[in-house]
Amino acid sequence: MLALDAVTKRYGGTVAVRDVSAEVPRGALVTFVGPSGCGKTTLLRLVGGFVEPDSGRVILDGEVVNRHPPNRRATGMVFQNYALFPHLSVFENIAYGLRIRRTPADEVRRRVMEMLEVVQLQGLGDRRPNQLSGGQQQRVALARALILRPKVLLLDEPLSNLDAHLRLAMRDELRRLQRTLALTIIFVTHDQEEAMAISDRILVMRGGRLEQAGTPQEIYEHPATEFVARFVGQANFVAATLDRAGQESGPSVARTALGEFEVAPDAGSRLDGAAWVILRPESIDLLPAGAGVVAGEVVSASYVGAVVRYTVRVRGEQLLVDQFDPQRREPLREGAAVSLALPRRVHWIPRTA
């Protein structure tokens with residue numbers, strides 16, 4: 001549905017987006033994620049036609065649209081603050097785009113009523129935005145964009161103004177709409193957990209560049225760089241030296257202070273030399289002293305419901321360990337002796353420093 005071909009955008013001497021190439025499949029929900037100032041919102045505005053690229057191409061449904069204004073791009077935009085008209089009713093907010101296009105009144109009414117049902121706001125058409133909850137206002141903004149039947153729906157951090165519980169509910173609502181209407185959606189957020197929960201594909205941005213693109217599982221389990229591994233989820237980084245172990249193919253060996261691990265070779269990287277071994281907290285089992293592979297000592301424990309997150313000191317390293325505890329037992333105290341069972345096979349990335 002959408003392709004970005006070596007797109008670059010500068011503001012004076014600042015490069016906001018640098019040489020980004022990516023594809024958005026038809027009917028997919030793709031999220032641009034990254035820290036503040038990484039270029040994700042600029043990239044979204046380039047797609048929507050609110051700014052023009054200095055170089056490269058934006059290709060929408062097979063057509064280069066670099067110089068097309070937003071109203072000629074078949075895209076719909078939902079802004080972070082919703083941008084609803086406070087003096088208009090919910091019905092008229094949703095109908096606004098159709099009115100501008102001089103759509104016949106009977107068709108306007110039919111399509112607005114259909115859209116109110118789609119976003120589950122039946123019976124609220126006569127209310128003003130200030131009479132609605134935050135979640136309802138967001139649904140009005142979505143309906144106003146969707147009623148124009150865009151080829152791509154653009155969402156610029158639409159959940160950031162909602163409280164935690166409503167954010168979770170609206171994630172599910174967006175997914176329901178996306179699947180029900182077979183929408184192609186580009187979603188922008190700085191919240192990596194939100195990106196993981198909602199996306200078919202994720203584009204991780206950093207400093208205007210595309211750091212990695214892939215499915216949530218690929219991004220989490222096989223981060224391409226140290227930045228991606230640190231930004232997406234929690235991770236332990238253990239210094240390692242890779243060894244081919246006498247094989248040109250098959251597993252290699254990563255030697256660390258915690259012992260040896262198997263690592264899969266990567267055709268695009270060195271198969272020997274300095275590396276980081278990535279250990280996710282949930283991949284480590286915390287066991288009674290003497291029952292695991294390596295001995296450790298509890299440094300701290302954080303109780304967060306079904307999971308207790310421990311910091312454990314072991315062989316000069318401090319590791320985060322998530323222990324799933326459905327019985328809600330009292331967390332181990334600081335200084336408690338424990339053992340860790342480590343995964344046999346791990347992911348690695350090159351270590352440059």
Side-chain angles (χ1 to χ4, degrees), residues 1-24 30-61 63-83 145 150-161 184-196 199 201-214 219 223-233 235 237 268-269 276 349-353:
M1 176 58 76
L2 175 75
L4 302 170
D5 179 19
V7 172
T8 295
K9 179 62 184 178
R10 298 178 179 85
Y11 292 103
T14 302
V15 182
V17 172
R18 186 188 298 273
D19 196 30
V20 171
S21 295
E23 294 184 352
V24 175
V30 176
T31 298
F32 299 164
V33 68
S36 297
C38 70
K40 57 187 183 295
T41 295
T42 300
L43 198 59
L44 191 75
R45 293 174 65 84
L46 286 164
V47 173
F50 297 95
V51 294
E52 291 185 18
D54 294 309
S55 61
R57 300 183 301 162
V58 179
I59 305 168
L60 179 61
D61 206 12
E63 180 184 8
V64 178
V65 296
N66 284 27
R67 298 191 178 277
H68 291 190
N71 63 324
R72 290 188 54 208
R73 292 213 179 185
T75 57
M77 183 85 164
V78 177
F79 297 93
Q80 183 175 351
N81 63 357
Y82 313 145
K151 292 181 178 179
V152 181
L153 181 63
L154 309 176
L155 306 178
D156 187 9
E157 303 210 41
L159 308 183
S160 61
N161 293 330
T184 303
I185 295 178
I186 299 178
F187 186 93
V188 164
T189 183
H190 63 275
D191 186 331
Q192 47 86 15
E193 181 180 332
E194 190 167 84
M196 294 284 289
S199 309
R201 289 182 63 78
I202 296 174
L203 275 62
V204 182
M205 300 285 296
R206 180 194 185 194
R209 296 182 182 274
L210 176 60
E211 194 86 357
Q212 186 176 357
I219 295 291
T225 66
E226 182 177 344
F227 172 80
V228 175
R230 291 187 185 277
F231 185 77
V232 180
F237 292 78
S269 302
W276 291 114
I349 54 175
R351 176 161 51 101
T352 56

With rounding to the nearest 0.5 angstrom, report the CG to CE distance, L60 to M1. 7.0 Å
Point-to-point distance, once rounded to the nearest 0.5 Å, from CG of L43 to CG of L203: 7.5 Å
Checking R201 side chain against V24 main chain: does a donor-acceptor pair fall under 3.5 Å? no
Nearest atoms (heavy-atom pairs only) where P158 meets F187: CG-CE1, 3.5 Å
With side chain to side chain contact (heavy atoms under 4.5 Å, CB included) as the criterion, how do K40 and E157 come out once you've worked through the C-alpha distance, each side chain's angles and the decisive distance to 0.1 Å? CA-CA 10 Å; K40 57 187 183 295; E157 303 210 41; 4.0 Å; yes
If I compare all heavy atoms of L210 with all of V20, which pair ends up nearest, and what's the gap? N-CG2, 4.1 Å
Any side-chain heavy atom of E211 sitting closer than 4.5 Å to one from F231? no
Quick check: closest heavy atoms across G56 and N66, and the distance to 0.1 Å? O-ND2, 2.8 Å
Heavy-atom closest pair (P350 atom, W276 atom, distance to 0.1 Å) is O-CD1, 4.0 Å
Answer yes or no: does atom CD of E23 have more than 12 heavy-atom neighbours from other residues, nucleotides or ligands under 6.0 Å? no
Which atom pair, heavy atoms only, marks the closest approach of I349 to T225? CD1-C, 3.7 Å
In Å, rounded to the nearest 0.5 Å, how long is the span from CD of Q212 to CZ of F227? 11.0 Å
Check: Q192 side chain, V33 main-chain N or O, donor-acceptor pair, under 3.5 Å: no
Atom pair CD1/OG1 of I202 and T189 - distance to nearest 0.5 Å: 10.0 Å
List the steps and the verdict of side chain to side chain contact (heavy atoms under 4.5 Å, CB included) for I185 and V30. CA-CA 6 Å; I185 295 178; V30 176; over 6 Å; no
Are the side chain of K151 and the backbone N or O of A74 linked by a donor-acceptor pair below 3.5 Å? no
Nearest heavy-atom pair of L154 and G48: which atoms, and what distance? CD1-CA, 3.5 Å
Please determine whether side chain to side chain contact (heavy atoms under 4.5 Å, CB included) holds for the pair F237 and R351, giving the CA-CA distance in whole Å, both sets of side-chain angles, and the decisive distance to 0.1 Å. CA-CA 10 Å; F237 292 78; R351 176 161 51 101; over 6 Å; no
Quick one: pull up CE in M196 and OG1 in T31 and give me the separation to the nearest 0.5 Å. 11.0 Å
Can a donor-acceptor pair be found, under 3.5 Å and without considering hydrogens, that links the side chain of S21 to the backbone of A6? yes
Heavy-atom count around E193 CD within 6.0 Å, excluding the residue itself: above 12? no
Nearest 0.5 angstrom please: H68 NE2 to E63 CD, how far? 4.5 Å
Checking V47 against L2 for the side chain to side chain contact (heavy atoms under 4.5 Å, CB included) test, could you report, in this order, the C-alpha distance in whole Å, the side-chain angles of both residues, the deciding distance, and whether it holds? CA-CA 9 Å; V47 173; L2 175 75; 3.8 Å; yes
